[in-house]
Structure formats: C-alpha cells, structure tokens
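Okay, structure first, notes after.
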There are 2 protein chains.
Amino acid sequence: MPTIKDVALKAGVSVTTVSRVLNNRGYLSEELKKKVYDTMEELNYRPNELARSLSRSKSNIIGLIIPFVSHPFFGELTSHIEGHAYRNGYKLLLCNSQLDKLKEFEYIDMLRSSRVDGIIMGSHTLEVEAYRQIHLPLVTFDRQISPEIPYVCSDNYRGGALATGLLADKGCRKLAHIGVHPHLNLLSHQRYVAFRDVAEQRGIWHTSLHTDVNGFKLEEYEALLEQLFLEHPDIDGIFASSDILAAYALKACQDSGRRVPEDVRIIGYDGIAQRKLQNPLISTIRQPIEEISKRAVELIIEQMQGKAVASEHILPVELEEGATT
Amino acid sequence: MPTIKDVALKAGVSVTTVSRVLNNRGYLSEELKKKVYDTMEELNYRPNELARSLSRSKSNIIGLIIPFVSHPFFGELTSHIEGHAYRNGYKLLLCNSQLDKLKEFEYIDMLRSSRVDGIIMGSHTLEVEAYRQIHLPLVTFDRQISPEIPYVCSDNYRGGALATGLLADKGCRKLAHIGVHPHLNLLSHQRYVAFRDVAEQRGIWHTSLHTDVNGFKLEEYEALLEQLFLEHPDIDGIFASSDILAAYALKACQDSGRRVPEDVRIIGYDGIAQRKLQNPLISTIRQPIEEISKRAVELIIEQMQGKAVASEHILPVELEEGATT
DNA sequence: TTGTATGCGTTATCAC
DNA sequence: GTGATAACGCATACAA
C-alpha cells in the first residue's frame with residue numbers, strides 16, 4: 001500500500017505538505033491541493049489509520065461490550081449504537097461477553113490495549129473495582145457502578161409499576177413476575193421492586209421466578225414457565241422482564257390451553273420490534289432504545305472531550321398495550 | 001499510560017529486552033522475565049496495540065459488513081463470527097450497511113484505512129468492481145463475486161427444493177414463494193429457482209412475490225402478505241425465504257381466519273433460534289449458521305497466511321419440520 | 001543473553 | 001506558505 005511518502009514524492013512536495021492537505025491545516029493554494037489530491041487518487045492512497053491513531057493518540061474506536069448480540073434487545077441496541085457511532089466518525093469494536101467473566105475481563109484488556117477512545121458496557125459480570133480500574137471514558141447501561149461512571153437506563157421502576165398497575169386494573173388477582181437472575185446490582189431489578197410494591201399496595205397476591213445467574217438461554221426460559229405453571233396453576237397475570245420472556249409465557253399459556261388475555265394476562269418489557277411477530281400482539285413497556293443508544297455514544301464522546309457529564313441518565317418508558325392484557 | 005520505555009527504565013533493562021519478554025522471543029532467563037513481568041504489573045502496563053499493529057503491519061482486526069445486526073439471522077451470524085474471531089485472537093469491527101450504498105462504500109474505505117486483516121462481506125449493494133478493488137483477504141456470504149474471492153453459503157438450491165417438495169408432498173396445489181428483492185446476484189435467489197423448478201416438475205400452480213430492493217423492513221413484510229392474500233386468496237402453501245417472513249405469513253393467516261397447517265401450509269428458511277417463539281412452531285430449512293461463521297473466519301485467516309483457499313463453500317441445509325406444514 | 005539503531009506511517013514543532 | 005526533523009510506541013536486524 002502506498003504511503004504518504006509515495007504521494008509526496010510523486011507530487012513533488014514534502015510529506016508535511018501532504019499531511020497538511022490531508023488534514024486541511026494551514027494555508028494551502030487550491031492548485032497545490034488539487035495536485036496532491038490527484039496523486040492520492042492516482043495511487044489509490046489511503047491514510048494509515050493505525051499510524052494516525054498512534055501519532056494523535058486517538059483511535060476513533062468505541063468498544064461495546066454486551067452479553068449477546070443475538071438477543072433481540074441487544075441486537076437493536078447495538079444497531080443504534082453503531083449508527084450513532086458512525087455518524088460521529090467512530091468505529092465500533094463489538095464484544096460479546098456471553099456473560100462469561102473471563103471473556104469480559106479479557107475483552108476489557110483488549111480494548112484498553114487497542115486504545116479505544118471509550119467503552120460502552122452493557123455486560124456486568126465483574127466487580128465494581130474491575131470497572132474503576134479501566135481509566136477510560138466509560139458509560140454503563142443499566143448498572144450503577146460509581147459516581148464517576150455515568151449510566152444510562154430506562155425508568156425501570158416506573159416501567160415495572162406501569163406494567164403491574166395495568167395487570168391490577170384489569171382485575172388480575174394472582175400475579176407472577178418472571179425475569180433473569182437479580183444477582184448483580186442491575187438497575188433492571190427495579191422492575192421487580194416496583195412489581196412487588198404495587199402488588200402489595202393493591203393487596204394482590206404475587207410471586208416471582210427467575211432464571212439462573214447466567215440465564216439468557218432459551219431452554220431456561222421454557223423451563224421457567226413450566227415451573228411457574230406447575231407451582232401456581234392459577235396465575236392470572238404475568239409481568240415478564242423482557243418481551244422474549246413474555247413471548248415464552250404466551251406460548252406456554254397457549255400450549256397449556258390457557259386463553260390470553262381471558263385466563264391469563266401478560267405484559268413484557270423492552271418494546272423490541274420482533275414483538276410484532278407474536279400473535280396476539282404482546283403488551284409491553286417500551287424502552288427508548290434509540291434514545292438510550294444515542295445518549296450512550298454522546299456520553300462517551302463528551303467524556304473524551306473532557307466535558308463534565310451527569311452521572312445519571314434515566315430515560316422515560318412508555319406503556320404500549322397490545323392484545324395480551 | 002506507561003510505555004515500554006517506562007517499563008524498561010524501571011526494570012533497569014533496555015526496551016528490546018522488554019519487547020522480547022513481551023513476545024517471548026529468544027532466550028531469556030527466568031529471573032529476568034520475572035523482573036520485567038513484575039514491573040509491568042506494577043505499572044499496570046498494557047502494550048499499545050496501535051504501535052504493535054503499525055510495526056508488524058498486522059492489526060488483528062476483522063471487519064464485518066452486514067445489512068442489519070438487528071435482523072435475527074444476521075444477529076446469530078454476527079454472534080458466531082465474533083466467537084470464532086475471539087478464539088483466534090481477532091477483534092471484530094462491526095459495520096451495519098443498512099443496505100445503504102454510500103454507507104457500505106464508506107465502510108469499506110474505513111476498513112481499508114484501519115488496516116484490518118480481512119473483511120467478511122454479508123452486504124452486497126455495490127458492483128463487482130468495488131469489491132475487486134479492495135485487495136484484502138475477503139470472504140463473501142451468499143454472493144459470488146469473482147473466482148479469487150471465496151464465498152460461503154448454504155445449499156440454497158437444495159433448501160428451496162426441500163421446502164417446495166415438502167409442500168407438494170403434503171398436497172398443496174397453489175404455491176407462493178415470498179422473499180426479498182432478487183435484484184442482486186445473491187445466491188439466495190437459488191431458493192426461488194428451486195421453488196419454481198420443483199413446482200413445475202410436479203405440475204403445481206405457483207407464484208412469487210418479493211419486497212422492495214432495500215426491503216428488510218418489517219412494515220414491508222406486512223404489506224407483502226396483505227398483497228399476497230388479496231391477489232391469491234386461495235393459496236394453500238407458502239415458502240418464505242426467511243423465518244421472519246414465515247412468521248409474518250403465519251400471523252397474516254391467523255389474522256385472516258386461515259388455519260395453519262389445515263388451510264395453508266408454511267415453511268421458512270434460516271433456522272433462527274427465535275423461530276421457537278412462534279406458535280405453532282414454524283417448519284424451516286435450517287442453515288448451518290455456526291458452521292458458516294466458522295468457515296468464514298477460517299477463510300479470512302487462511303488467506304492472511306497466504307494459503308490458497310477454495311472459492312466455493314456450500315454448506316448443507318437441513319429440513320426441520322415444525323407444526324406449520 | 002542483552003543492547004543500539006532503525007523503521008512502521010503519521011502528526012507536530014520548529015525553522016526557513 | 002513550505003520543508004526538515006523529532007516524536008508516537010513498538011519490533012527487529014545487527015552488534016556486542
């Protein structure tokens with residue numbers, strides 16, 4: 001591949017000049033610019049980003065660590081984050097932790113070595129201290145780590161309250177919450193807290209089931225629903241902590257001859273696009289996924305620029321009623 | 001951040017020695033190794049991958065260009081590709097083209113500038129010549145570009161034949177194929193070719209509908225199904241070119257009072273995990289997504305190593321019957 | 001076995 | 001306005 005030196009030589013100028021043209025710095029005659037641009041074109045020259053990054057100590061890369069891209073929610077999140085990064089001239093290094101501690105740890109190391117300009121953390125299997133050691137612009141999704149590290153999330157408590165309130169309003173008398181394991185200090189745990197609060201306020205019987213610690217597996221979801229109906233066959237309202245989980249609940253109801261919403265009412269969380277494939281359409285609490293993604297990227301960029309950023313970014317949710325409630 | 005120089009200084013050795021320890025090259029006494037490792041630890045030193053990459057002219061980054069990560073099929077593909085890349089010590093730069101020509105073009109440029117070691121192309125909005133100009137290890141998914149560029153895909157023709165054969169066996173007499181626009185020379189077009197061939201061999205009436213050129217939008221899918229049943233209300237067999245499309249077909253049937261599989265039989269393509277959320281379970285032609293991903297990464301690595309690779313990689317599909325046929 | 005010097009492709013600091 | 005030259009952080013050929 002041709003280098004800046006080749007361009008300089010062929011254009012009959014110095015590398016400094018070529019670099020100047022490249023970065024549009026200082027005063028350059030139109031004629032000179034054209035000459036340089038032409039030789040670049042001629043040589044099919046592409047500036048070496050590695051060298052640029054090294055020299056400027058800025059890579060224009062954002063690292064994204066999430067549990068699973070193949071999970072629809074994270075797929076949408078990733079998609080929007082990529083879009084915003086792209087619009088701002090950043091590349092995205094994708095890291096699937098699979099909720100594997102070692103993998104997440106190694107990825108953090110790799111990202112630091114790669115001198116990424118910042119990291120968006122959507123996976124949180126490690127201890128607080130591990131994240132504090134990173135010393136890079138950081139944004140966390142759905143987890144509060146320490147005051148210096150900003151986090152962005154949906155209004156989990158309000159979402160949980162809205163969902164539970166709807167089930168109560170519809171006359172449910174025996175509620176179940178299903179979700180992933182609340183082992184870590186994830187903010188999504190607030191959905192459950194709200195569920196419990198509202199159910200108790202309203203004096204409604206309620207219970208909660210959750211998957212294993214590393215639970216994002218589809219088989220686990222199935223087992224969870226089976227257990228639920230085995231232990232509590234007369235459940236008449238389910239608040240699922242994700243739309244995927246809600247879809248499983250719906251399927252489990254249909255398979256066991258329960259009518260939805262007549263016998264059992266179901267409401268999910270997330271508001272993923274794929275929800276629309278379900279029949280009947282699943283009621284849900286919509287997270288502003290696009291807004292969350294945008295904010296996360298902005299927060300990374302602002303930190304890089306040395307700006308002070310607020311540490312708390314709680315974005316509003318919206319109740320979106322379908323046909324399962 | 002500390003550099004190799006800091007480590008050398010503090011350990012009382014030369015940078016060369018530190019570099020040697022880092023890369024485990026040449027003969028080094030255990031004592032010396034330990035001393036160097038200890039100072040690295042002490043300084044929390046991380047080698048600068050940018051500098052390493054520049055020096056070795058190898059970035060250990062693979063670029064992945066796909067239309068949409070949020071599409072379940074590409075989500076799974078991405079997930080597996082990431083896994084294999086990681087296992088081989090490569091990082092993944094994620095590029096969502098959104099089937100936008102300009103974006104895809106710019107991304108190719110960015111990847112070249114970033115000196116990625118290879119590119120896996122799952123988006124193909126550009127002309128053959130654009131890809132031939134890349135001059136980097138390349139692998140294509142589902143598109144044949146030129147003999148030098150290896151491609152990997154599922155056995156599309158066989159998949160289409162299996163699907164159509166099944167519908168025919170079940171007694172369907174009026175078949176429809178639905179898919180995305182066959183504008184580009186995508187190999188998935190073979191699914192349709194097989195559909196037509198088999199239907200004609202068996203003497204079965206058949207038709208085909210497809211989305212717009214840039215069609216991956218969910219709304220378009222809905223419109224497509226609406227049109228299908230409007231024009232051909234008596235269709236009794238549908239072969240959808242993706243499971244997502246099949247899910248829409250299923251929903252459209254249910255919404256219009258058609259029983260599946262009694263009135264209309266449906267079979268999809270891909271074999272995505274999310275298919276299991278549908279009720280009834282959708283019959284499908286399963287692509288070996290994991291194997292495809294593995295092969296793609298391998299082909300990139302082998303090309304980087306200068307090995308000669310075969311240009312055609314057609315992996316077997318499998319008919320997986322659910323409850324919609 | 002360890003160190004010196006040079007190069008990787010850019011940018012930035014000086015001079016001229 | 002333009003051009004040498006020294007960084008950027010690391011790897012490596014060559015010496016010692």
Side-chain angles (χ1 to χ4, degrees), chain A residues 1-37 39-40 43-61 89 91 109-117 136, chain B residues 1-37 39-40 43-61 89 109-117 135-136:
Chain A
M1 286 222 190
T3 74
I4 198 171
K5 208 182 254 174
D6 301 317
V7 178
L9 220 66
K10 181 144 192 170
V13 296
S14 73
V15 289
T16 311
T17 303
V18 178
S19 176
R20 280 222 185 76
V21 172
L22 212 53
N23 299 288
N24 209 11
R25 267 197 189 5
Y27 297 91
L28 306 155
S29 73
E30 282 306 318
E31 188 187 9
L32 195 151
K33 274 202 211 170
K34 182 170 165 26
K35 188 170 64 181
V36 172
Y37 277 132
T39 16
M40 284 181 178
L43 264 49
N44 195 17
Y45 167 77
R46 291 287 172 279
N48 185 328
E49 280 299 329
L50 294 172
R52 289 183 125 178
S53 299
L54 179 62
S55 180
R56 305 196 278 218
S57 39
K58 181 161 185 333
S59 64
N60 281 314
I61 300 181
K91 289 160 279 183
D109 232 55
M110 269 172 88
L111 293 178
R112 290 193 59 205
S113 296
S114 300
R115 298 302 190 264
V116 298
D117 293 332
L136 267 180
Chain B
M1 285 219 192
T3 73
I4 198 172
K5 206 183 254 172
D6 300 319
V7 177
L9 220 65
K10 182 144 191 171
V13 295
S14 75
V15 290
T16 313
T17 303
V18 179
S19 176
R20 281 223 184 75
V21 172
L22 213 52
N23 299 289
N24 210 11
R25 265 196 186 12
Y27 298 91
L28 306 154
S29 74
E30 282 305 318
E31 188 189 12
L32 195 151
K33 274 202 208 170
K34 181 168 166 27
K35 188 170 64 181
V36 173
Y37 277 131
T39 23
M40 285 181 175
L43 264 51
N44 195 17
Y45 167 76
R46 292 286 173 278
N48 185 328
E49 280 299 328
L50 293 172
R52 294 183 120 179
S53 298
L54 179 61
S55 180
R56 305 196 279 217
S57 39
K58 181 162 186 335
S59 65
N60 282 315
I61 299 180
D109 231 54
M110 270 171 89
L111 292 179
R112 289 192 59 205
S113 295
S114 299
R115 298 298 189 264
V116 297
D117 293 332
H135 297 303
L136 268 181

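Just so it is clear, the structure is predicted and the values come from calculations on it, not from any experiment. In what follows, every chain begins at residue 1, and chains take the letters A, B, ... in the order their sequences are listed.
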message = To the nearest 10°, give me the bend of the helix from C/dT1-D/dA16 to C/dC16-D/dG1, comparing the axes of its five terminal pairs at either end.
response = 40°
query = Looking at B/Thr17, does any N or O in its side chain come under 4.0 Å of the phosphate oxygens OP1/OP2 on C/dT2?
reply = no
ask   = About how many Å separate CG of A/Asn60 and NZ of A/Lys58, when rounded to the nearest 0.5 Å?
value = 4.0 Å
remark   = For A/Arg52, the side-chain hydrogen bond (donor to acceptor under 3.5 Å, both in side chains) test, sequence neighbours excluded, returns A/Asn23, A/Glu49
ask   = Where along nucleotides 4-12 of chain D does protein come under 4.0 Å, by heavy atom, of base (B) or sugar-phosphate alone (S), with - for untouched nucleotides?
value = BB--BBBBB
ask   = Nearest-Å distance, NZ (A/Lys33) to C1' (D/dT2)?
value = 16 Å
message = For B/Lys33, is there an ion pair with B/Glu30 - N to carboxylate O distance below 4.0 angstrom?
response = yes
message = I need the A/Asp117 CG to A/Lys91 NZ distance, nearest 0.5 Å.
response = 9.0 Å
ask   = Rounding to a whole Å, what distance do you find between A/Glu30:CD and D/dG1:C1'?
value = 14 Å
request  = May I ask you to check whether over 12 heavy atoms, not counting those of A/Lys35, lie within 6.0 Å of atom NZ?
outcome  = yes
task = Decide yes or no on side-chain hydrogen bond (donor to acceptor under 3.5 Å, both in side chains) for A/Ser14 and A/Thr17, but give the supporting numbers first.
result = CA-CA 5 Å; A/Ser14 73; A/Thr17 303; 3.2 Å; yes
Minimal non-hydrogen separation, B/Leu50 against A/Ser114, with atom names = CG-O, 3.9 Å
ask   = Which of the following nucleotides, D/dG1, D/dG3, C/dT2, is nearest to the side chain of A/Val13?
value = D/dG3
inquiry  = Rounded to the nearest 0.5 Å, what separates atom CD1 in B/Ile4 from atom OG1 in B/Thr16?
reply    = 8.0 Å
